[in-house]
Amino acid sequence: FAANSVLCRLALGQESIDPASFSTIRLCAGAATLILIQGWRTGAWSRPAGSWFSASMLFLYAIPFSFAYVQLEAGSGALILFGAVQLTMIILALMRGERPHVWQWMGFGLAIGGLIYFLSPGLSAPSPTGAALMAISGCAWGVYSLLGKGHANPLGRTAGNFLRALPFTLVVSWWMLPDLKIELRGFILAVASGAIASGIGYVLWYQALQKLTATRAAVVQLSVPVIAAAGGVLFLSETMSLRLVVAGVVVLG
């Protein structure tokens, strides 16, 4: 998940691809990768599983995510995204009857505090449109994550969801055709995001969800902005600061 943020920032920050094309290529590469893996594992072609509702949530995550990062700073975007993810997953978990104990609530509060501490120095008044898009993306990802719980075939379901989400993204790409821009660098980054960070990453996430409560799954994802920041240091020449180290220890702890 953190790699998606780094790859998206690399591609859109340098304007080597437009956000609609990034999302479409990302989902197309993810679908192709998952279908190939499924065929290799089973030795034969089988119709991918999934559902249209899950695909719509995947679409509502992927498209706003790309467009929001055009208008938002990385720090404010991550804060809005993961705040929305946690809020959505925890509210739905409470509605389903989960009751986190006091230590879980304390740990969740500590992690949120560490995340705010880390992001707050670089925050500025965000674009209302960008903030709304990122909030929609976060809510959709929270719902999509919970839809994956309890299913025995995460590979087939994820492949099917990617395929079903493609027509939606193609419509957006057609609508945004006047802004079309695809350079080789942007194309490669979008393929890497789709095939590795999205396709394979989401299958691993669905596998992990089988062993996690919704509340714990929500809290685990709080590590993503910290890991993404570390990726920024390694791949985007961002500086390593004491604040990053302290916040990382608090959130991961």
Side-chain angles (χ1 to χ4, degrees), residues 1-5 30 34 48-62 64-65 77-119 134-162 164-165 196-230 247-253:
F1 298 160
N4 273 321
S5 292
L34 292 168
S51 71
W52 283 107
F53 183 66
S54 292
S56 67
M57 291 299 102
L58 181 61
F59 164 76
L60 283 176
Y61 155 72
F65 176 85
L79 181 58
I80 295 167
L81 175 68
F82 288 95
V85 170
Q86 310 323 309
L87 188 61
T88 300
M89 292 187 71
I90 288 176
I91 288 175
L92 292 177
L94 292 173
M95 291 174 62
R96 289 181 172 187
E98 286 188 23
R99 292 298 179 263
H101 55 71
V102 63
W103 286 106
Q104 286 180 309
W105 282 118
M106 290 174 64
F108 177 70
L110 185 65
I112 288 288
L115 188 58
I116 293 173
Y117 167 73
F118 168 60
L119 295 172
M134 194 60 87
I136 291 170
S137 180
C139 292
W141 176 252
V143 174
Y144 184 77
S145 290
L146 292 180
L147 289 172
K149 286 184 64 64
H151 293 285
N153 181 20
L155 179 60
R157 285 188 60 82
T158 308
N161 291 336
F162 269 64
R164 286 178 171 87
I196 302 171
S198 297
I200 297 175
Y202 293 1
V203 170
L204 294 175
W205 178 237
Y206 264 7
Q207 292 278 16
L209 279 173
Q210 312 308 318
K211 307 282 187 180
L212 296 172
T213 64
T215 305
R216 185 166 294 178
V219 174
V220 163
Q221 290 186 93
L222 283 171
S223 64
V224 175
V226 178
I227 301 171
V249 170
V250 170
V251 173
L252 297 180

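Predicted model, so just to flag it, every value in this text is computed and none were measured.
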Quick check: closest heavy atoms across [X] and [Y], and the distance to 0.1 Å?
X      : Y      : answer
Phe1   : Gly201 : CE2-O, 4.3 Å
Arg99  : Leu94  : NH1-O, 3.0 Å
Ala2   : Ile227 : CB-CG2, 3.7 Å
Ala135 : Ala84  : O-CB, 3.7 Å
Ala3   : Ala197 : CB-CB, 3.9 Å
Gly199 : Leu34  : O-CD2, 3.5 Å

Ser51 and Arg157, any side-chain heavy atoms less than 4.5 Å apart: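 In contact.
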So Tyr61 and Trp141, would you call those rings parallel, tilted or perpendicular, with 30° and 60° as cut-offs?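 Rings of Tyr61 and Trp141: tilted, as their planes differ by 30° to 60°.
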Option among Leu58, Leu60, Leu92 that satisfies the side chain to side chain contact (heavy atoms under 4.5 Å, CB included) test with Val143: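 Result: among Leu58, Leu60, Leu92, Leu92 is the only option passing the side chain to side chain contact (heavy atoms under 4.5 Å, CB included) with Val143.
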If you measure only the distance, is there a donor-acceptor pair under 3.5 Å linking the side chains of Asn161 and Tyr202?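 No - no donor-acceptor pair under 3.5 Å links their side chains.
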To the nearest 0.5 angstrom, please state how far the CG atom of Leu204 sits from the OG1 atom of Thr158.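 Rounded to the nearest 0.5 Å, the CG-OG1 separation comes out at 9.5 Å.
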Measuring from Tyr144:OH to Ser56:OG, what's the distance to the nearest 0.5 Å?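 Between Tyr144 OH and Ser56 OG, I get 10.5 Å after rounding to 0.5 Å.
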